[in-house]
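Convention: sequence-line order gives letters A, B, ...; per-chain numbering from 1.
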Number of protein chains: 2
Amino acid sequence: MSSIAVIQRTFSVLEAVAASGSASAKEVAHRLEIPLASVYRLLQELVEHGYLVHLKEERRFELGPKCFDLGLSFRQRLVAPSAIRQATDQVHKKLQAAAYFAVYRGSDIVLTHLSDCLAHPRLQPLRFGFHEAAHATAFGKILLAGMLPDQRSAYLGARGMPMLTPNTVVDPVQLDTHLQEVATCGIAWEHEEFLPEKTCAAVPVRNGSGVQIGSIAVSLPTSEAAGRQRQVETVLREYAGQCSRYLRSGHTVAVA
Amino acid sequence: MSSIAVIQRTFSVLEAVAASGSASAKEVAHRLEIPLASVYRLLQELVEHGYLVHLKEERRFELGPKCFDLGLSFRQRLVAPSAIRQATDQVHKKLQAAAYFAVYRGSDIVLTHLSDCLAHPRLQPLRFGFHEAAHATAFGKILLAGMLPDQRSAYLGARGMPMLTPNTVVDPVQLDTHLQEVATCGIAWEHEEFLPEKTCAAVPVRNGSGVQIGSIAVSLPTSEAAGRQRQVETVLREYAGQCSRYLRSGHTVAVA
DNA sequence: TCTGGTTTCTCATGTGGCGAGAACATCTCT
DNA sequence: AGAGATGTTCTCGCCACATGAGAAACCAGA
């Protein structure tokens with residue numbers, strides 16, 4: 001756990017400004033407990049590089065255009081290929097439920113496409129780039145189940161298993177046995193473990209070599225989920241198969 | 001023109017990765033001419049803070065989720081209020097042309113809303129957050145015309161006036177007299193100075209105190225623009241007035 | 001097992017970032 | 001205008017700490 005002090009500080013300043021939306025030098029200095037002169041140095045540096053802008057008339061600092069450029073580059077790199085987006089959209093349409101596509105990325109699990117509408121909105125904290133709480137989401141569980149045991153324990157060890165609802169599985173060994181089951185069934189259900197009143201399901205998507213690389217998933221109000229397990233499973237598998245077929249023809253998830 | 005060396009390097013590494021989409025440590029070291037060991041140090045630091053991820057199996061580095069978060073914060077802070085977005089959308093609809101809304105931000109000029117469609121697409125390089133080439137765009141010119149003379153010359157001095165088409169005004173004194181005219185007319189026209197075959201127009205939007213804070217603009221194929229000057233001007237003014245009226249009731253452009 | 005590559009570690013060196021305070025600039029009262 | 005209060009930049013000596021070279025550890029694929 002190394003850390004170059006200047007860089008540490010620089011990012012903490014940048015993030016302090018991002019969190020506030022807008023901040024004065026003094027506010028940043030106070031919040032981070034860094035001498036004012038040093039904060040000014042860092043702010044100035046960030047401004048010079050375009051990560052912040054200095055609104056002189058208001059004596060405040062805000063995020064600069066480079067931040068948005070980084071966001072665009074990230075999105076561009078990660079957005080799911082259109083064939084996969086279409087499959088996800090079809091799931092959304094067929095099941096009348098918000099649909100999701102997630103992939104492995106290094107040691108992480110990331111949502112790379114969402115398909116929803118006003119009538120069937122996404123689960124609230126979920127958005128493109130979401131990468132938390134794998135232990136409590138359907139797509140997270142199916143992807144955790146596909147990891148090697150030591151990868152998985154490293155993953156969970158690093159991020160913990162916060163309890164998000166009374167139903168969240170927070171015991172590592174309990175999760176382990178659950179994931180065994182998930183792996184053999186090839187489908188992950190999640191019953192109000194992430195958000196109350198919401199039920200989700202996810203199935204694996206495999207690449208040409210048959211290794212699991214992602215997952216396609218849906219979320220439903222628990223009330224609507226009752227009695228639809230079969231239908232949900234069938235449709236998910238149908239389109240997961242379609243994604244896998246697409247990937248078998250040499251495409252990868254990273255390329256748009 | 002100060003610069004803390006480590007920070008300089010850190011951002012150059014981050015941006016090198018962003019530019020490549022994906023890069024190995026060696027590639028970065030070679031491109032930036034920084035010793036490999038130092039590059040690893042910086043990469044590691046960036047990974048630790050979430051700005052990069054390390055794809056171990058591929059031995060490469062890519063942008064991390066924090067980059068996207070920054071982009072979101074930037075967007076959230078800057079996106080035009082919905083009343084103004086609606087006005088822009090109306091201009092788009094009424095004039096059958098891509099419409100834009102831009103504001104001052106510190107010493108900068110930034111596009112904060114675009115309204116277009118397949119039939120009437122935005123000018124290609126334009127996007128949310130665009131902040132270049134003010135001397136060659138209609139909204140840029142109307143906002144330059146609203147600056148104090150020394151602000152304006154500082155602005156143009158810092159960014160230069162690149163020639164983008166044969167029509168681009170690249171002579172500062174010529175631009176100055178042109179902007180005089182723009183200021184008195186209260187409308188800026190731009191005839192193929194930014195992109196060939198495209199004509200744009202922009203009018204000011206003022207806040208409660210009557211000071212110009214932004215601009216609403218449209219772009220048209222030059223062929224379609226002929227003979228529509230009157231119509232374009234009328235509609236632009238109508239909705240610019242609507243925006244100004246909204247701002248007069250205490251709202252600011254920075255708040256969504 | 002070996003080999004070629006990537007990644008981390010070690011360590012002596014001296015650069016360059018640090019903080020305190022002064023100086024300068026800018027706004028806001030009276 | 002002048003005085004006072006803030007915000008911002010500059011100066012400068014000190015020494016922590018980032019640096020780069022090289023070695024070592026690690027990790028594939030052959």
K.L.:
Polar pairs (N or O, both sides) under 3.5 Å between protein and nucleotides 23-27 of chain D?
P.N.:
none

K.L.:
Working note: A:L52 + A:E62, criterion side chain to side chain contact (heavy atoms under 4.5 Å, CB included); need CA distance, chi angles, decisive distance, verdict.
P.N.:
CA-CA 5 Å; A:L52 292 181; A:E62 298 192 358; over 6 Å; no

K.L.:
To the nearest angstrom, how far is B:E45 atom CD from D:dC17 atom P?
P.N.:
13 Å

K.L.:
Apply the test side chain to side chain contact (heavy atoms under 4.5 Å, CB included) to residues A:I109 and A:H131: give CA-CA distance (whole Å), side-chain angles for both, the deciding distance (0.1 Å), then the verdict.
P.N.:
CA-CA 6 Å; A:I109 289 174; A:H131 59 108; over 6 Å; no

K.L.:
Taking B:S24 for its side chain and B:R60 for its backbone only, find out whether a donor-acceptor pair lies under 3.5 Å.
P.N.:
no

K.L.:
Does A:H54 make a side-chain N or O approach to OP1 or OP2 of D:dT8 shorter than 4.0 Å?
P.N.:
yes

K.L.:
Within the 4.5 Å heavy-atom criterion, are A:I142 and A:V182 side-chain neighbours or not?
P.N.:
yes

K.L.:
Between P on C:dT7 and CD on B:E58, what's the gap in Å once rounded to a whole number?
P.N.:
12 Å

K.L.:
How would you label the contact of A:R60 with the nucleic acid (heavy atoms, under 4.0 Å): base, sugar-phosphate, or nothing?
P.N.:
nothing

K.L.:
Hey, which of these two, A:F61 or B:V6, hits DNA chain D nearer its 5' end, going by closest nucleotide?
P.N.:
A:F61

K.L.:
Which ones in residues 18-26 of chain A lie close to DNA chain C, meaning a heavy atom under 4.0 Å from one of its atoms?
P.N.:
none

K.L.:
Quick one: is B:R41 getting a side-chain N or O under 4.0 Å of the D:dT19 phosphate, OP1 or OP2?
P.N.:
yes

K.L.:
Taking only N and O in the side chain of B:S38, is any of them less than 4.0 Å away from OP1 or OP2 of D:dG20?
P.N.:
yes

K.L.:
Is the phosphate of C:dT7, meaning OP1 or OP2, less than 4.0 Å from a side-chain N or O of B:Q44?
P.N.:
no

K.L.:
Show the atom names and distances, to 0.1 Å, of all donor-acceptor pairs under 3.5 Å that link a side chain in residues 154-162 of chain A to residues at least two apart or in another chain.
P.N.:
| from | atom 1 | to | atom 2 | distance (Å) |
| --- | --- | --- | --- | --- |
| A:R159 | NH1 | A:D108 | OD1 | 3.0 |
| A:R159 | NH2 | A:S107 | O | 3.4 |

K.L.:
Taking CG from B:L32 and C1' from D:dG20, how many angstroms apart are they, rounded to a whole number?
P.N.:
16 Å

K.L.:
Among the nucleotides D:dA21, C:dG19, D:dT9, which one has an atom lying closest to any side-chain atom of B:A37?
P.N.:
D:dA21

K.L.:
Quick one: pull up CD in A:E45 and CD1 in B:I4 and give me the separation to the nearest 0.5 Å.
P.N.:
5.0 Å

K.L.:
In whole angstrom, what separates A:L36's CG from D:dT6's P?
P.N.:
13 Å

K.L.:
May I have the distance from A:I7 (atom CD1) to D:dC17 (atom C1'), rounded to whole angstrom?
P.N.:
12 Å

K.L.:
Between C:dT15 atom P and B:R9 atom CZ, what is the distance in whole Å?
P.N.:
14 Å

K.L.:
Of the nucleotides C:dG17, D:dG20, C:dA20, which one has an atom closest to the side chain of A:P35?
P.N.:
C:dA20

K.L.:
Atom CG of B:L42 and atom C1' of D:dC17: how far apart are they, to the nearest Å?
P.N.:
14 Å

K.L.:
Mind calculating the distance between CG (A:L46) and P (D:dT8) to the nearest angstrom?
P.N.:
15 Å

K.L.:
Using distance alone, with no hydrogens and no angle criterion, decide if A:K66 and A:H49 have a side-chain donor and acceptor under 3.5 Å apart.
P.N.:
no

K.L.:
Between B:Y51, B:F74, B:F11, which is the residue that forms a ring pair (Phe, Tyr, Trp, His ring centres under 6.0 Å) with A:Y51?
P.N.:
B:F11

K.L.:
Quick check: does any side chain N or O of A:T137 sit under 3.5 Å from a backbone N or O of A:G140, one acting as donor and the other as acceptor?
P.N.:
yes

K.L.:
Just checking, is any N or O donor in the side chain of B:H178 or B:K141 under 3.5 Å from an acceptor N or O on the other one?
P.N.:
yes

K.L.:
Do any side-chain nitrogens or oxygens of B:Y40 fall under 4.0 Å of OP1 or OP2 in C:dT7?
P.N.:
yes

